[in-house]
Amino acid sequence: MTTPHDHPQRAAGAPRRHRTTPPSPTTTPTPAPGPAPAPAATATAVDATPAGAPGTDHATTVLAVHAEQLRLHGRRGVVYGPVDLEVPTGTLAVVQGPQGGGRSSLLLTLAGRMVPDEGSRLTVLGEALPRRRTAVQRRAALAGFAGIDDLDESVTVGDVVRERLAWLSPWYRRTPRVDQRTFARLAGPVFGERPLPRTGTLVWDLDEVDAMLLRVTLATAQHPDLLVVDDVDQVHDSRRRQTVWTRLEALAAAGTTVVASVASLDEVARMQWATLPQQITLATGPHAVPAA
């Protein structure tokens, strides 16, 4: 598990298998090696209009995220951008884009874990990035990121939660064993009416919905103002994924700004919502598609 200041290889909310000294807080993108992509579009088409909410009074809206010409390039070319984006505080925003379209990198940038290109203008939680990235890292939590907050399947739910709480506690304070009551206090707002796993259950035995909600629970343990959740469609069945979206929507309604990503370009249209979320459609690089 990591501190809230870690870079994308070990970021806040990430359970870990062995305690080590946390690495440096920020990293620059290093796209995976491979053949160079086909010539790509030089711009990203983005629809950042809150679905079903035209005419928003921006003069009175407090923004959790404000981005202008936000972009990122790596050794292989465009990662994402340019992106113009406004996310009001206490709302749910859904980032839709194809695999390889820069969704994960965009979310990590918003959370202060990746540094965008020069010329990008980005303010998150009132802090200018990347200059104030440490302040944003303290207030933003990650969940669902491959290689960052993966769960150790060989340990119990209680052990995973205990380790997370230990990272969030002062070094001199002992973290007691997590019983079911303690877990219920922590996980209740995330799971809602869904039955909680038992603390003695191995992570291996959790179904994919409970595993995802557990990762969100570990992220919310630091009481973040911003929660970014990657790859929600790792919960493969759409009806079961509805449960995850409903719970993320509830967290946003309780005051936490939530930005979550999914590969399905029609995800918002296919799900049921109490309030339609903001819909952001990325179209980047060789996988570019028109914005919704």
Side-chain angles (χ1 to χ4, degrees), residues 1-25 27 104 107-108 111 113 137-138 140-224 227-237 240-241 243-244 247-248 251 256 258 260-261:
M1 188 166 309
T2 63
T3 67
H5 303 276
D6 291 345
H7 63 71
Q9 293 302 315
R10 184 66 68 180
R16 44 178 202 88
R17 292 166 175 76
H18 303 287
R19 184 178 298 267
T20 59
T21 302
S24 151
T27 187
S104 301
L107 266 58
L108 289 170
R113 271 68 173 187
Q137 289 170 6
R138 292 193 184 103
L142 312 176
F145 287 82
I148 297 179
D149 72 316
D150 298 309
L151 298 174
D152 186 343
E153 295 180 338
S154 66
V155 301
T156 66
V157 170
D159 289 338
V160 169
V161 174
R162 182 183 184 185
E163 188 174 19
R164 174 63 175 155
L165 295 178
W167 273 117
L168 295 174
S169 299
W171 63 268
Y172 53 81
R173 182 176 299 167
R174 178 182 175 275
T175 303
R177 182 179 63 86
V178 174
D179 58 20
Q180 197 65 30
R181 180 177 298 180
T182 301
F183 180 56
R185 286 199 302 268
L186 184 66
V190 176
F191 280 75
E193 297 180 358
R194 184 177 178 84
L196 293 175
R198 304 302 298 177
T199 55
T201 301
L202 287 176
V203 170
W204 171 269
D205 293 324
L206 296 178
D207 72 11
E208 57 188 9
V209 173
D210 288 337
M212 174 60 87
L213 293 181
L214 177 58
R215 294 168 81 172
V216 173
T217 297
L218 298 174
T220 59
Q222 74 180 76
H223 306 292
L227 171 66
V228 294
V229 183
D230 194 31
D231 195 18
V232 175
D233 46 8
Q234 61 190 279
V235 177
H236 297 92
D237 178 73
R240 293 166 60 72
R241 196 160 62 248
T243 299
V244 178
R247 298 316 308 154
L248 293 179
L251 290 176
T256 302
V258 180
S261 76

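Remember, it's a predicted structure, so these values are computed and weren't measured experimentally. Only heavy atoms go into these numbers, but all of them, side chains included; no hydrogens, no water, no symmetry mates.
Remark: side-chain polar atoms of Arg241 are paired, donor with acceptor, to backbone N or O of Val235 under 3.5 angstrom. The closest donor-acceptor contact from the side chain of Gln222 to the backbone of Leu168 lies at 3.5 Å or more, if one exists at all. Arg113 places a side-chain N or O within donor-acceptor distance of the main-chain N or O of Ala111, the cut-off being under 3.5 Å.
The one candidate from Val155, Thr182, Val178 that meets the side-chain contact (heavy atoms from CB on, under 4.5 Å) condition with Arg162 is Val178.
A distance of 11.5 Å separates CZ in Arg173 from CG in Leu165, rounded to the nearest 0.5 Å. Atom CZ in Arg215 sits 9.5 Å away from atom CG in Leu218 (nearest 0.5 Å). Annotation: the span from Asp152 atom CG to Glu163 atom CD amounts to 8.5 Å, rounded to 0.5 Å. Here the straight-line distance linking atom OG1 of Thr175 with atom CH2 of Trp167 works out to 11.0 Å at 0.5 Å rounding. Taken from CZ in Phe191 to CG in Leu186, the straight-line distance is 10.0 Å, to the nearest 0.5 Å.
Two residues are said to be in side-chain contact when any heavy atoms from C-beta on lie closer than 4.5 Å; Val161 and Thr199 fail this criterion. Using a 4.5 Å cut-off on side-chain heavy atoms (C-beta onward), Leu108 and Leu142 make contact. Proximity of Arg247 to Leu213: side-chain heavy atoms (C-beta onward) are separated by under 4.5 Å at one or more points. Residues Leu214 and Phe183 form a side-chain contact, since some pair of their non-hydrogen atoms from C-beta on lies under 4.5 Å apart.
Environment of CZ in Arg198: sparse, with no more than 12 heavy atoms of neighbouring residues, nucleotides or ligands closer than 6.0 Å.
Closest of all the heavy-atom pairs between Gly200 and Thr156 is O-CG2, 3.7 Å. The two residues Pro197 and Leu206 have their closest heavy-atom pair at CB-CD2, 3.7 Å. Nearest heavy atom pair, residue Asp150 against residue Phe145, reads OD1-O, 3.9 Å. Scanning all heavy atoms of the two residues, the minimum distance from Ser154 to Leu202 falls at O-CD2, 3.5 Å. In this structure, Met212 and Asp231 approach most closely via the heavy-atom pair CE-O, 3.8 Å. Across every non-hydrogen atom of Val258 and Leu248, the tightest pair is CG2-O, 3.9 Å.
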